[in-house]
**Q** 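Below is one structure. I have some questions about it.
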Amino acid sequence: MAHTLVIVESPTKARTIRGFLPKDFKVEASMGHVRDLPNNASEIPAAYKGEKWSNLGVNTSNDFEPLYVVPKDKKKIVKELKDALKGADQLLLATDEDREGESISWHLLQLLNPKVPVKRMVFHEITKEAIAKALDQTRDLDMELVHAQETRRILDRLVGYTLSPLLWKKVAWGLSAGRVQSVAVRLLVQRERARRAFRSGSYWDLKAQLEQGGGRFEAKLTHLNGERIAGGADFDETTGALKAGSKVRLLIEAEATALRAAVETAPWRVAEVEEKPTVRKPVPPFTTSTLQQEANRKLRLSARDTMRTAQGLYERGFITYMRTDSVHLSEQAISAARSCVAEKYGKDYLSPAPRQFSTKSRNAQEAHEAIRPSGDRFRTPKDTGLDGKDLSLYELIWKRTVASQMADARLTMLSVGLEVAGASFRASGKRIDFPGFFRAYVEGSDDPDAALEGQEVLLPALAVGDSPGCQGVEALGHQTQPPARYSEAALVKMLEKEGIGRPSTYASIIGTIVDRGYATLANNSLTPSFTAFAVTALLEEHFPDLVDTSFTARMENTLDDISTGKERWLPYLTKFFKGETGLETQVAQREGDIDPAASRTIQLEGLPCVVRIGRFGAYLEAKRVADDGSEELIKATLPQEITPADLDADHAEQILRQKTEGPESLGEDPETGELVYLLFGQYGPYVQKGQVSDENPKPKRASLPKGVKPEDFSLEDALGLLRLPRLLGEHPEGGKVQAGLGRFGPYVVHDKGKGEKEFRSLKAEDDVLSVALERAIELLAQPKRGRGGRTALKDLGSPEGASESIQVFDGPYGLYVKQGKVNASLPEGKGAEDITLAEAIELLAAKAATGKASKAASRKAASKPRAAAKSTAAKATAAKGSKAQAAALPKASRSGKPRAGAVRIIKAASS
């Protein structure tokens, strides 16, 4: 029976859209990209392995012609899509509406080679009305978007695959460089350099508690005898002294203490009262960038988690498309938002007229919308049925969208000047006269000390000449603080401000920086590693343009001009990669000049040694004079948790001393008489009972818990760790409950007997050395999280004779059941509520059998090398045929834009 085939990217999106399409429409998922440049040597077809450019995946000698292959894990999907197309009389490509989505549709078109009519179907929200409209307004593929995406992909490959091998040779194996990634890493390194160069300054001031008419308020010292009192902004960050030419009075502790005594007993007088009315307007609805920033500030979500959660909300029909630079709202959205305001807050809180925002980004497309709740009526957060991250993010989007159509907030800023004993104090306040949009939403700040915009600070009624009573004065000492490290929100904001990359890629870029060891993410701060310092120094010296923010921003603008047809892609790529100043030539010329030993060495000011990058991480290297007068080289591994900004001379000396003199003893274990040592290893500080010897080759060891400073660690703490795991008591259901410390941190465990154990990680507020049985039972009662921190939707129970239960989870590709390490997707149409234990057992058994068959097939293939050789030869022949066929296809047009046939299709890899 003839049908219309609709292809989307994910099963979740397919399930949602299927409910809004006619019955004769069949929806299939491509699971993202089905074709790409080769990811490794094994993916390169045999016919091209001998080509110099094959590892690059781009034929730089033939108009930068890309070599596309179907990855091994996508071949089954492509076959299924081809089978689904056989009975279709029309193909609708319904991938996402951005460049990436257009590219996926184009690759699908090239691979499937349909004989039926093909149209592109686009929508920015998955609702009944939006899908009906998209069906009525199908279009052809937008080849300008395809070319733009392809050019970006090729350019990123040229940069990454040309520079990364250089880093492997000169710094360390496995490192990567990237067009945007390397600039982002440099921003982190520059901030860390500033932190190392920072010198703290100290200053004092006064804070008074005053009272007038029963109302108390606070005032701070601003001037003394007409001179302004120095504050943090008056200090030079590199010297710790006042900036040259500063006309301020720097108070020391003695002066501040004497002044406090004088003003406490002297009469106070109000010298000035100022009230300044002001208006605050709501911020625009979310773009991709601002959503990532606010979710990081308010929900502590990483950029990657934010985009993953937003993708799920979009695909299930809760919000509009989440990759957008636009703050534009449709008339339908404005009407829906205004209805929410009127219903929830009243008509007085509506803006006088519908509020529309203009996009500042030069490349934003106003045809796209901001991120908002979907539909012509916005579901309130409590009516969605969502929970966890999904609910928190939806609520954030709902509030910001609704607030955009609310009235301005009207405030009065209050300022009172006071005089006492030759000193001037100032009290500041804020009165909210009409909260307006503050009722729904107040934007966060990257400054943790900044007061919330919507927070009221009232002062009592004061008039010039009043004499408020002094309740007490405090002399306060301050130390200037180094520049804060970048949070994910702050880095995203900086990248967007500088025009580096595109917001839709920031999540994956930050993820790559952390995954590749260029930075660690702790307490919402990105801390660059020693490897990041070494790589950045190499690129700054030898390839300065590639890590220059202005150069990268200009490159981004050119790529956007290519997407609109203002710039031609081929001349641009040729100029960038080839010629006397091209990247290919630069790498070839400079490779011989780069000394690997120098590239692996990091010189940090003030250290008695150097830091080097080795095969197993960073280590210290210093020269010392031995007892016999000879010079010896000492090397000591740096614990992974030590960062460049934290490594000072004292810390370095401690690590080197332990290497030469042996470990430091904390004291003696009173039970055994053995000494307990504090040591530093590759994975951080740890304690050890006794020394390594023939009689004791593996002495008891325990890592210090995360966040614990070695200098604050006592013998009692060490003995507590070394005695873990400790018995807490009996579980009400039977079995022992213990607390321990494992490779993933502190935990509690319920030992049920017969090898069955139930584990739960301790929370940040729990101490493994003092956690009680009651708290352990409370943690053990909480639902166990699945992969990626997901909570089970339903526990189906344990099959007869099995120790592990079967649970239902919602993953990125839809619902699945899990038992132990085996996962199996639920059949189409089967939900978490109606799946039974018997059905789940059957699904998991089938999946396990498939896995065993796959392994058996692999072993069988490995035992028949001759057959494998014949197969390889056959594939090579097929690939050669494909190459000959591709050679007959048209190349780039004279306009410089590739035609559809200009890209080689590797049939051997897609069969």
Side-chain angles (χ1 to χ4, degrees), residues 98-100 144-145 147-160 163 177-191 283-294 296 303 306-307 322-328 357-368 370-371 446 486-513 518-519 526 536 539-540 543-569 572-573 575-577 583:
D98 57 5
R99 278 188 289 255
E100 197 79 20
E144 295 285 9
L145 287 179
H147 300 326
Q149 173 61 25
E150 188 171 59
T151 305
R152 284 173 184 274
R153 186 75 185 92
I154 292 172
L155 187 62
D156 288 341
R157 176 57 67 98
L158 294 176
V159 173
L163 285 179
R179 181 173 60 89
V180 178
Q181 171 195 313
S182 297
V183 181
V185 170
R186 187 187 182 216
L187 289 173
L188 300 182
V189 169
Q190 286 177 320
R191 180 63 57 88
V283 288
F286 281 127
T287 61
T288 302
S289 169
T290 54
L291 178 64
Q292 290 175 13
Q293 292 173 48
E294 278 291 85
N296 186 242
T306 298
M307 294 309 292
M322 65 288 157
R323 294 188 183 92
T324 176
D325 293 333
S326 176
V327 292
H328 178 78
F357 297 86
S358 58
T359 303
K360 294 178 182 178
S361 174
R362 70 183 283 271
N363 299 303
Q365 302 174 61
E366 293 298 343
H368 294 171
I371 304 168
D446 288 321
Y486 282 104
S487 63
E488 286 200 46
L491 183 59
V492 165
K493 187 176 182 180
M494 176 60 77
L495 290 171
E496 186 178 40
K497 177 187 172 187
E498 296 290 342
I500 300 164
R502 280 291 163 261
S504 59
T505 66
Y506 292 160
S508 62
I509 288 165
I510 294 173
T512 300
I513 288 171
Y518 285 120
L526 287 160
T536 297
L539 294 176
E540 283 175 332
F543 308 97
D545 279 351
L546 293 180
V547 286
D548 178 70
T549 53
S550 299
F551 178 84
T552 308
R554 289 195 300 273
M555 186 186 296
E556 202 66 53
N557 292 334
T558 304
L559 289 169
D560 285 318
D561 287 341
I562 289 170
S563 72
T564 58
K566 294 178 183 176
E567 186 83 27
R568 292 191 301 161
W569 68 275
Y572 178 71
L573 285 179
K575 181 181 178 183
F576 174 79
F577 194 71
L583 179 62

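Excluded from the calculations below are hydrogen atoms, water molecules and symmetry mates; all remaining heavy atoms, backbone and side chain alike, are included.
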**Q** Could you tell me whether a side-chain N or O of Gln292 sits under 3.5 Å from a main-chain N or O of Pro503, the two making a donor and an acceptor?
**A**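 Yes, Gln292 side chain to Pro503 backbone: donor-acceptor pair under 3.5 Å.
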**Q** Is there side-chain contact between Lys575 and Tyr572, with at least one heavy-atom pair below 4.5 Å?
**A**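 Side-chain contact under 4.5 Å: no.
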**Q** List the atom of Ser563, the atom of Ala148, and the distance in Å for their closest heavy-atom pair.
**A**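 Result for this residue pair: CB-CB, 3.3 Å.
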**Q** Can you give me the closest heavy-atom contact between Ala184 and Leu491, atom names plus distance?
**A**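 The pair with the smallest heavy-atom distance is O-CD1, 4.4 Å.
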**Q** Regarding Glu496 and Ser289, do their side chains bring together a donor and an acceptor under 3.5 Å, going by distance alone?
**A**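 Short answer, yes.
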**Q** So, for Thr151 and Leu559, which heavy atoms are closest and what is the spacing to 0.1 Å?
**A**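 Closest pair (atom of Thr151, atom of Leu559, distance): CG2-CD2, 3.8 Å.
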**Q** Identify the residue among Asp325, Thr288, Asp560 that makes a side-chain hydrogen bond (donor to acceptor under 3.5 Å, both in side chains) with Arg502.
**A**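 For Arg502, the side-chain hydrogen bond (donor to acceptor under 3.5 Å, both in side chains) check succeeds only for Asp560.
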**Q** How close do Gly501 and Val180 get, heavy atom to heavy atom, and via which atoms?
**A**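 Looking at all heavy atoms of both residues, the closest pair is CA-CG2, 3.7 Å.
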**Q** Can you confirm whether Glu144 sits close enough to Thr564 that some side-chain heavy atom of one is under 4.5 Å from a side-chain heavy atom of the other?
**A**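 When only atoms from C-beta onward are counted, Thr564 and Glu144 do not touch, as no gap falls below 4.5 Å.
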**Q** When rounded to the nearest 0.5 angstrom, what is the spacing between CD1 in Ile371 and CE in Met322?
**A**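 One gets 8.0 Å once the value is rounded to the nearest 0.5 Å.
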**Q** Using every non-hydrogen atom in the two residues, find where Phe357 and Val283 come nearest and quote the distance to one decimal.
**A**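 Smallest heavy-atom distance, with atoms named: CZ-O, 4.0 Å.
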**Q** Write down the atom of Leu187, the atom of Tyr486, and the distance for their closest heavy-atom approach.
**A**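 Looks like O-CE1, 3.4 Å.
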**Q** Give the intermediate values and the outcome of side chain to side chain contact (heavy atoms under 4.5 Å, CB included) for residues Leu546 and Leu583.
**A** CA-CA 9 Å; Leu546 293 180; Leu583 179 62; 3.7 Å; yes
**Q** Return the OG1 to CG distance between Thr324 and Asp98, rounded to the nearest 0.5 Å.
**A**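 Going from the OG1 atom of Thr324 to the CG atom of Asp98 covers 9.5 Å.
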**Q** Under the rule for salt bridge (charged side-chain N to carboxylate O under 4.0 Å, His left out), what residues qualify as partners of Asp156, not counting sequence neighbours?
**A**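 Testing Asp156 for salt bridge (charged side-chain N to carboxylate O under 4.0 Å, His left out), a comparison that skips the adjacent residues, returns Arg179.
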**Q** Return the CE to OG distance between Met307 and Ser508, rounded to the nearest 0.5 Å.
**A**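 Rounded to the nearest 0.5 Å, the CE-OG separation comes out at 9.5 Å.
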**Q** I would like to know whether Glu556 and Arg152 meet side chain to side chain contact (heavy atoms under 4.5 Å, CB included); could you show each step before the answer?
**A** CA-CA 9 Å; Glu556 202 66 53; Arg152 284 173 184 274; 2.3 Å; yes
**Q** At what distance, to the nearest 0.5 angstrom, does CD of Gln293 lie from OG of Ser487?
**A**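 The CD atom of Gln293 sits 8.5 Å away from the OG atom of Ser487.
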**Q** When you measure from the side chain of Glu567 to the backbone N and O of Asp561, does any donor-acceptor pair fall under 3.5 Å?
**A**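 Not confirmed, Glu567 side chain does not pair with Asp561 backbone.
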**Q** Got a sec, which residues hit side chain to side chain donor-acceptor pair (under 3.5 Å) with Tyr518, two or more places apart in sequence or on another chain?
**A**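 In terms of side chain to side chain donor-acceptor pair (under 3.5 Å), with neighbours along the sequence ignored, Tyr518 is linked to no residue.
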**Q** Quick check: do Phe576 and Met555 have side-chain heavy atoms less than 4.5 Å from each other?
**A**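 A side-chain contact exists here, since the closest heavy-atom pair is under 4.5 Å.
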**Q** Partners of Arg153 by salt bridge (charged side-chain N to carboxylate O under 4.0 Å, His left out), sequence neighbours excluded?
**A**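 In terms of salt bridge (charged side-chain N to carboxylate O under 4.0 Å, His left out), with neighbours along the sequence ignored, Arg153 is linked to Asp36.
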**Q** Listed by chain and number, what are the side-chain contact (heavy atoms from CB on, under 4.5 Å) partners of Ser182, not counting sequence neighbours?
**A**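 Ser182: side-chain contact (heavy atoms from CB on, under 4.5 Å) contacts with Ala177, Leu539, Val547.
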**Q** I want to check something: taking the side chain as every heavy atom from C-beta on, are Ile513 and Leu526 in contact at a cut-off of under 4.5 Å?
**A**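 Sidechains of Leu526 and Ile513: no contact.
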**Q** Mind checking what makes side chain to side chain donor-acceptor pair (under 3.5 Å) contact with Gln190, not counting sequence neighbours?
**A**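 Expected list: none.
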**Q** First locate atom OG1 of Thr306, then atom CD of Glu294, and finally report the distance between them rounded to the nearest 0.5 Å.
**A**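 Interatomic distance, Thr306 OG1 to Glu294 CD, rounded to 0.5 Å: 10.5 Å.
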**Q** Got a second to check how far Asn296's CG is from Lys493's NZ, nearest 0.5 Å?
**A**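 It is 12.5 Å, given to the nearest 0.5 Å.
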**Q** Taking atom types as modelled and ignoring hydrogens, do the side chains of Gln149 and Glu100 form a donor-acceptor contact shorter than 3.5 angstrom?
**A**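 Side chains of Gln149 and Glu100: pair found under 3.5 Å.
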**Q** What residues, two or more places apart in sequence or in another chain, satisfy side-chain contact (heavy atoms from CB on, under 4.5 Å) together with Thr552?
**A**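 Scan of Thr552 (side-chain contact (heavy atoms from CB on, under 4.5 Å), adjacent residues dropped) gives Val183, Ile500.
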